[in-house]
K.L.:
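Just passing along the structure, written as structure tokens.
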Number of protein chains: 2
Amino acid sequence: MESQTTKEKIVREALRLFSQNGFDAVSVEQIAAAVGIKAPSLYKHYKSKWAIFDAIFDEMQRRYDEETKSMNLHLSNAATDRQMFAEMTVDKLVEQVKALVSYSLHDELVSRFRRLMTIEQFRSEGLAALYTERYVMRMLEYHEALFRGMIQAGVLRGGDPRSMAWQYVSPILIFLSLCDRQPEKEAEVLDEIEKHIRQFHKIYKEENKK
Amino acid sequence: MESQTTKEKIVREALRLFSQNGFDAVSVEQIAAAVGIKAPSLYKHYKSKWAIFDAIFDEMQRRYDEETKSMNLHLSNAATDRQMFAEMTVDKLVEQVKALVSYSLHDELVSRFRRLMTIEQFRSEGLAALYTERYVMRMLEYHEALFRGMIQAGVLRGGDPRSMAWQYVSPILIFLSLCDRQPEKEAEVLDEIEKHIRQFHKIYKEENKK
DNA sequence: GTCTATATCCAGATAGAC
DNA sequence: GTCTATCTGGATATAGAC
């Protein structure tokens, strides 16, 4: 792991600070101090405070595109491999969600950026659309495709995969936002989420068909 | 309808402005201009900008307490009147949600205050707890009690009422936050929500018991 | 690329006349 | 209760030496 350049440190520390109280509440001097330089030095790396904000978004967009690529790869592989859907048990779903939630909550950049987006989402229509795309629609559509495959594979009983995806995904999203706000509740609500997934699976698994 | 005092107008306009980009992005001069006075005059009504912020919360707390009182009244009446649970059909649920969502989205104070809370929720543990209580737990617990009553009345099949409440309530909360961000999507997502409720009811109604 | 010194601006808030 | 004039502090950003 090579060490960070000053330019990278600025983005990292700015994200950390912005994700607490938002863009306006943080001064360039605070960012510079966190990096270990004086405010004017910072302007050799970025031409304005807003340029730092933009750089955060550029960096997170790069990561997002990578993840999306591998997610699409995963699903389209699964689509040609019915066996993968057939083997998607409730334990695998629980495991998948725990991995996702754990990553989302504890990855420094991911969780801080989500908080920043939550704070700044109303500033422009572009930010609003970005939020919906990244934190709602992507997860919804991924699970819609997953459940459609599971229905076709005979693992889940028939139904509207989109409504099923809403019912499955929404509690997880609410859980994430709850932990962003109150990290001390993580264990408590994680327990509720496992119950949710098992309840969801119990309700929709093929054996319960009427 | 009596006209507003200047003091009330300040709270109202401050909430409108704060709910766009947050507390820091709004100047006292902007608030004063919206009210139709100069900034220094405003200090005859509130001793600081933060005092205006606090006044918003006091006013909304008052309304919240009133609503909670009538909600509790409603539920405890229902508890002694099994008939009310028995008559809770899917159409009544749809109607109830449409009324709630419509009110939450279009009531000026309610929707603006929710946006403000969304922006400012990370500023203190108190605000975080307030957000969770008002926008998550109250609705969850109300529906948990509702579903428990419906199960006992034989309208819904047995199951964990809390998990059921999470599955029912979360998509509605996600929908609200989506419309706060992108009001133009209201019709589109309202449609998904009705599908969600009908799907939920179909899955849980007593006749589908295996 | 970092620093000190500084320009410039605008915010929150006060004083005091009317 | 409203105004004009003003204070004071802190913010973004620049100039220019090292």
Side-chain angles (χ1 to χ4, degrees), chain A residues 1-59 112 115-116 119-120 122-124 126-127, chain B residues 1-59 112-113 115-117 119-120 122-124 126-127:
Chain A
M1 182 100 80
E2 56 201 290
S3 73
Q4 290 178 309
T5 67
T6 302
K7 198 164 181 169
E8 287 164 346
K9 272 193 212 154
I10 292 169
V11 165
R12 181 192 153 99
E13 294 300 323
L15 174 56
R16 184 175 64 77
L17 291 164
F18 289 158
S19 69
Q20 309 286 328
N21 295 328
F23 180 82
D24 291 316
V26 178
S27 70
V28 234
E29 197 174 330
Q30 279 177 275
I31 300 169
V35 171
I37 58 178
K38 298 288 180 183
S41 309
L42 197 146
Y43 286 87
K44 297 287 177 185
H45 301 279
Y46 295 98
K47 75 177 205 305
S48 70
K49 189 183 171 187
W50 279 108
I52 302 172
F53 188 76
D54 292 340
I56 291 173
F57 277 75
D58 289 346
E59 170 63 15
R112 286 173 184 167
R115 282 171 56 123
L116 177 58
I119 296 172
E120 305 295 346
F122 303 119
R123 268 192 202 264
S124 75
L127 286 177
Chain B
M1 179 101 81
E2 56 201 293
S3 72
Q4 291 179 309
T5 67
T6 301
K7 198 163 181 170
E8 287 163 346
K9 272 193 212 153
I10 291 169
V11 165
R12 180 192 154 100
E13 293 301 321
L15 174 55
R16 185 176 63 78
L17 291 163
F18 288 158
S19 70
Q20 310 286 327
N21 295 327
F23 180 82
D24 291 315
V26 178
S27 70
V28 185
E29 198 175 330
Q30 280 178 274
I31 300 170
V35 172
I37 58 178
K38 298 289 180 182
S41 308
L42 198 144
Y43 286 87
K44 296 289 177 180
H45 302 279
Y46 296 98
K47 74 177 207 306
S48 71
K49 189 182 171 187
W50 279 109
I52 302 173
F53 188 77
D54 292 341
I56 291 173
F57 277 75
D58 290 345
E59 170 62 14
R112 285 173 184 167
F113 186 68
R115 282 171 55 122
L116 176 57
M117 284 291 285
I119 296 172
E120 305 294 348
F122 303 119
R123 269 192 201 265
S124 75
L127 285 177

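Note on naming: letters A, B, ... go to the chains in the order of the sequence lines (proteins, then strands), and numbering restarts at 1 for each one.
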K.L.:
Whole angstrom is fine here: how far is it from NE2 in A:H45 over to C1' in C:dG1?
P.N.:
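After rounding, the gap between these two atoms is 6 Å.
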
K.L.:
Closest approach to the side chain of A:Y43, judged atom by atom: which nucleotide of D:dA13, C:dT14, C:dG12 is it?
P.N.:
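Looking only at heavy atoms from C-beta outward on A:Y43, the closest nucleotide is D:dA13.
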
K.L.:
Could you state the atom-to-atom distance from CG of B:N21 to C1' of C:dA11 in whole Å?
P.N.:
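Distance check: B:N21 CG to C:dA11 C1' gives 17 Å.
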
K.L.:
Is it true that a side-chain atom of B:E120 and a backbone atom of B:F23 form a donor plus acceptor pair closer than 3.5 Å?
P.N.:
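Here the side-chain-to-backbone pair exists.
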
K.L.:
When all nucleic acid strands are considered with a 4.0 Å heavy-atom cut-off, which category describes A:V35: base, sugar-phosphate, or nothing?
P.N.:
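Result for A:V35 = nothing.
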
K.L.:
When the distance from CD1 of B:I31 to P of C:dA13 is rounded to whole Å, what number comes out?
P.N.:
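Interatomic distance, CD1 of B:I31 to P of C:dA13: 10 Å.
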
K.L.:
Between C:dG1 atom C1' and A:I37 atom CD1, what is the distance in whole Å?
P.N.:
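These atoms are roughly 9 Å apart.
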
K.L.:
Using a cut-off of 6.0 Å, state whether more than 12 heavy atoms not belonging to A:E29 lie near its atom CD.
P.N.:
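No - once you tally the heavy atoms of other residues, nucleotides and ligands closer than 6.0 Å, there are 12 at most.
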
K.L.:
Is A:K44 touching bases, backbone alone, or none of the nucleic acid, heavy atoms closer than 4.0 Å?
P.N.:
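It contacts base atoms.
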
K.L.:
D:dA11 P sits how many Å from A:Q30 CD, rounded?
P.N.:
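Value for this atom pair: 7 Å.
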
K.L.:
I want to confirm an ordering. Mapping B:T6 and A:K49 to their closest nucleotides on DNA chain D, which one lands closer to the 5' end?
P.N.:
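Its nearest nucleotide being more 5', the pick is B:T6.
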
K.L.:
Would you find a donor on one side and an acceptor on the other, under 3.5 Å apart, between the side chain of A:R112 and the backbone of A:L15?
P.N.:
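Not confirmed, A:R112 side chain does not pair with A:L15 backbone.
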
K.L.:
Could you check how far CG of B:D24 sits from P of D:dA11, rounded to whole Å?
P.N.:
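About 11 Å, once rounded to whole Å.
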
K.L.:
Could you state the CD-P distance from A:E29 to D:dA13, rounded to the nearest angstrom?
P.N.:
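From A:E29 CD to D:dA13 P: 14 Å.
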
K.L.:
Over how many whole Å does the gap from A:K9 atom NZ to C:dT2 atom C1' extend?
P.N.:
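The answer, rounded to whole Å, is 13 Å.
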
K.L.:
Quick check: on DNA chain D, is the nucleotide nearest A:W50 upstream (toward 5') of the one nearest B:L42, or the reverse? Name the residue that is more 5'.
P.N.:
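On the 5' side of the pair lies B:L42.
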
K.L.:
Once the angle between the rings of B:F53 and B:F57 is folded into 0 to 90°, is it parallel (under 30°), tilted (30 to 60°) or perpendicular (over 60°)?
P.N.:
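Rings of B:F53 and B:F57: tilted, 30 to 60°.
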
